Visitor: 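Below is one structure. I have some questions about it.
These numbers come from a predicted model, not from an experiment.
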Amino acid sequence: PSAWKIPAAYARENIALRLASSAICSKDWGSLRREVVIERKAALSATCYGMDWQQAGLLVATAYGNQDSDAEALSRATREHIETAASQGLSQDQLDRARAEELTAFARVGNAHESFAQLLAEAEMAGDWRLAFWQNDVAGAFTLAEANAALKKWLVPVNRADVLVRPAGAVAAPALPNPTTRRLPDGAADWPRVATEADALAASAADLAKMTRSVALPASNVRAALITRKTQGDRAWIVFANDYGNEAALRGRMEACQVASSLYAFGGAGLTRDELDARMEKLQANWDIGLNGITVEAPRKNIEAAFDLLLSVWAAPSLPQTEFERIKASMVAGDEAALKDPAAMAANIVALRLDNYPDRHPKKALSIAQDIAAYRRITHDQVRACQSDFGGIAHVRLSLVGRFAVEDVSAAWEKIARLPAATVPYERIKDQAAPGEVSTAPVVVALPGKPNASIAGQALLQTTDEAEDFAALRIAVNILGGNSDSRLWNRLRETDGMAYSVGATLAGSSFEPRTQFAIHASAASDKAEAALASLREELARALKEGFSTEEVERAKKAWAQDRRRYASDERLLAARLAQTMLHGRDFVWLAKYDENIAKLNAAEVTAALRKHLGSAPIVWSIGKGSAG
């Protein structure tokens, strides 16, 4: 990394640099990525970001490569591009685009009341609650000359320190201004209202069930649902989920199709990624796109235009060769880094131990080395074949949240239905039932130079979330390690003080009996064995002694609080609504599930733990640093 000193948040130059650096550093359209990553291929990714403190700030730039990359060359390419771009200055178009992003981001704050409250709190801690409003005003008024003057003044070699903290020149760096006050001048603007009124948020799954309306559409391969409400900031969401493929068609092709899905975001329908991103910015949209469909969030007035644009790209993605090579190299680099990470290596060994899928099955676990080889073998033609086979309408789940009516759902489906059908039919890929026998020999991976350790125990349970005692098992796992009131937390964090983090999780299967249980902790490498012993002891104690009524009641109360947060998260409603149409666990089902949890007693919770984990084959693992 390289870093340049910049003035603090109360200086106009800070806002100028924030806007100007966005034009250089934007991960989507900035000149840094275009030159260093795409054109020169000097790095797999490159970005920069600002850090603000009361007296000063930093602009930090970072580039990433694979294990064979020259770190100095990466750093040099990044810092030289930034300093050259700063000396040459921005164009008016670049500044206008960066300004639009900044103003849109501020406008979105009012759409989430918690984010707005946090913004005001942070500004007050910095000295003046009005700071964010002032910064927004300044961002809207900056001239190109001011922005370029700030770039040329501050993003210079003499003002830079690299990761080795070497001075970059002999000339004295500009002195940072010493703010005499952390208050804005009196008589500041009477800013317009930011937060807007909205319908009351849901407080439970039962509330969500009442809000949800299923919509019948004239096709057998689509399910649709709608939640009509006045949202915060009058935002709207559309999720078009397209389930594709089948076990035979995807056999041995998952890596290629994953890369194909990633490439959808890089343009299509005659648009480059930069052009697509610019148009979506004007529509104030957040979006995601891939082989499996589209998710888009935008102001209600813009949502149809944003969805139409993404739908045109989805129908004709460009899948650019240059981005294919970059993504492929990034995947390989990530796996190569995992070969030097004892935690990742230990987790991979456990995954292979628990795997019982046949060779080339789409869900087959691969070793890290096999994964590297698989990604290296992928060709651009294979990626295009994935799009050709699966890039059409197969099995659709459509959800809308916002000021929509049933007619809007029908209109969205009419647009989707005009697209060609996938050439390969869809059929859900079934899970293998959890294996009855698993080698439980401990897994230990130790590598030098790693101060921290990851400790875990994992098992596959032969049950589903439809089982009569699954709710009881859920609460049992939560008491064991679900939060900061759990047994594991109190033992390893509060009493022993040996773990940085600790917990237990349960991922229920909705179809075949293959539920995942995990118990885990992180600690210093020299405490790894002691942490593992404590995890095993606490699980054994729970199985032997069971749980008290007080523990179960506390866990049920915590569950109810988590459910309120779940139900009130407006941003994820459309995605969750689409997910319910995949596995059938709709909000009515969830409400009933919550009712079952509320009725549980200590005997039922203890019995569920003993039934499912009393004799389950648990694979314990440690990934840590070695003494040498």
Side-chain angles (χ1 to χ4, degrees), residues 337-354 365 368 438-461 473-508 515-547 551 554-555 558-559 562 605-606 608-610 612-627:
L339 289 173
K340 301 176 182 179
D341 180 351
M345 292 183 67
N348 183 241
I349 293 170
V350 173
L352 294 171
R353 187 86 62 80
L354 296 173
I368 297 174
V438 172
S439 169
T440 57
V443 174
V444 178
V445 178
L447 295 175
K450 302 294 181 181
N452 298 330
S454 177
I455 306 99
Q458 297 180 62
L460 293 178
L461 311 179
L473 179 61
R474 170 72 67 190
I475 291 301
V477 173
N478 282 9
I479 295 171
L480 185 64
N483 52 47
S484 59
D485 192 38
S486 67
R487 288 190 176 189
L488 291 175
W489 181 276
N490 287 323
R491 167 72 184 275
L492 278 81
R493 287 275 298 173
E494 302 298 334
T495 302
D496 295 346
M498 70 170 64
Y500 304 132
S501 64
V502 63
T505 59
L506 186 72
T515 287
Q516 300 176 44
F517 167 78
I519 182 171
H520 54 83
S522 62
S525 288
D526 61 357
K527 291 182 170 62
E529 283 74 15
L532 176 59
S534 294
L535 290 179
R536 300 186 72 159
E537 287 171 10
E538 285 303 313
L539 177 58
R541 183 169 76 90
L543 289 167
K544 179 181 179 181
E545 299 175 3
F547 300 115
E551 286 179 306
R554 283 203 311 267
W559 176 265
D562 286 342
V605 173
T606 298
L609 183 78
R610 288 171 175 165
H612 294 287
L613 286 170
S615 59
I618 299 176
V619 182
W620 296 95
S621 66
I622 293 175
K624 65 172 185 175
S626 62

Visitor: Quick one: does Ile618's side chain get under 4.5 Å of Gln458's, heavy atoms only?
Guide: no

Visitor: Which pair of heavy atoms, one from Arg474 and one from Gly508, lies closest together, and at what distance?
Guide: NH2-N, 4.2 Å

Visitor: Return yes if some donor-acceptor pair links the side-chain N/O of Asn348 with the main-chain N/O of Ala344 below 3.5 Å, else return no.
Guide: no

Visitor: Hey, could you give me the NZ/OG distance between Lys527 and Ser522, rounded to the nearest 0.5 Å?
Guide: 12.5 Å

Visitor: Ignoring hydrogens and angles, tell me if any N or O in the side chain of Arg610 forms a donor-acceptor pair with the backbone of Lys544 under 3.5 Å.
Guide: yes

Visitor: Minimum heavy-atom separation for Asn490 to Ser484, with atom names?
Guide: OD1-O, 4.2 Å

Visitor: Which value, rounded to the nearest 0.5 Å, describes the distance between Leu532 atom CG and Lys624 atom NZ?
Guide: 10.5 Å

Visitor: Any heavy-atom pair between the side chains of Leu613 and Phe517 that's under 4.5 Å?
Guide: yes

Visitor: At their closest point, which heavy atom of Leu447 faces which heavy atom of Met345, and how far apart are they?
Guide: CD1-SD, 4.0 Å

Visitor: Taking all atoms of both residues into account, what is the closest heavy-atom pair of Arg493 and Ala499, and its distance?
Guide: CD-O, 2.9 Å

Visitor: Considering only heavy atoms from C-beta outward, does the side chain of Gln516 approach that of Leu506 to under 4.5 Å?
Guide: no

Visitor: What distance separates Arg554 CZ from Asn478 CG, expressed to the nearest 0.5 Å?
Guide: 12.5 Å

Visitor: CG/Asp485 to CD/Glu494 distance, rounded to the nearest 0.5 angstrom?
Guide: 10.0 Å

Visitor: Looking at Arg491 and Glu538, is any side-chain nitrogen of the basic one under 4.0 Å from a carboxylate oxygen of the acidic one?
Guide: yes

Visitor: Would you give the length of the straight line joining atom OH of Tyr500 to atom CG of Leu492, rounded to the nearest 0.5 angstrom?
Guide: 12.5 Å

Visitor: Applying side-chain contact (heavy atoms from CB on, under 4.5 Å) to Leu488 and Ile519, what does each step give before you reach the verdict?
Guide: CA-CA 9 Å; Leu488 291 175; Ile519 182 171; 3.6 Å; yes

Visitor: With side chains defined as the heavy atoms from C-beta onward, is the minimum distance between Val502 and Leu535 less than 4.5 Å?
Guide: yes

Visitor: Where do Ala542 and Leu480 come nearest, in terms of heavy atoms and distance?
Guide: CB-CD1, 4.2 Å

Visitor: Minimum heavy-atom separation for Ile479 to Ala555, with atom names?
Guide: CG1-CB, 3.5 Å

Visitor: Are Ser621 and Val444 close enough that some pair of their side-chain heavy atoms sits under 4.5 Å apart?
Guide: no

Visitor: Decide yes or no for Arg487 and Phe547: does some side-chain heavy atom of the first lie under 4.5 Å from some side-chain heavy atom of the second?
Guide: yes

Visitor: Is there a donor-acceptor pair closer than 3.5 Å between any side-chain N or O of Asp496 and the backbone N or O of Met498?
Guide: no

Visitor: Report yes if some heavy atom in the side chain of Leu460 is under 4.5 Å from a heavy atom in the side chain of Thr515; otherwise report no.
Guide: no

Visitor: One pair to check against side-chain contact (heavy atoms from CB on, under 4.5 Å): Trp489 and Asn483. What are the steps and the verdict?
Guide: CA-CA 7 Å; Trp489 181 276; Asn483 52 47; over 6 Å; no

Visitor: Please report, to 0.1 Å, the donor-acceptor pairs under 3.5 Å made by any side chain of residues 448-456, with sequence neighbours excluded.
Guide:
unit_1: Lys450; atom_1: NZ; unit_2: Lys340; atom_2: O; d: 3.4

Visitor: Going from CG on Asp341 to CD1 on Ile368, what distance comes out if it is rounded to the nearest 0.5 angstrom?
Guide: 8.0 Å

Visitor: Taking the side chain as C-beta and beyond, is there a heavy-atom pair between Thr505 and Val477 under 4.5 Å?
Guide: no

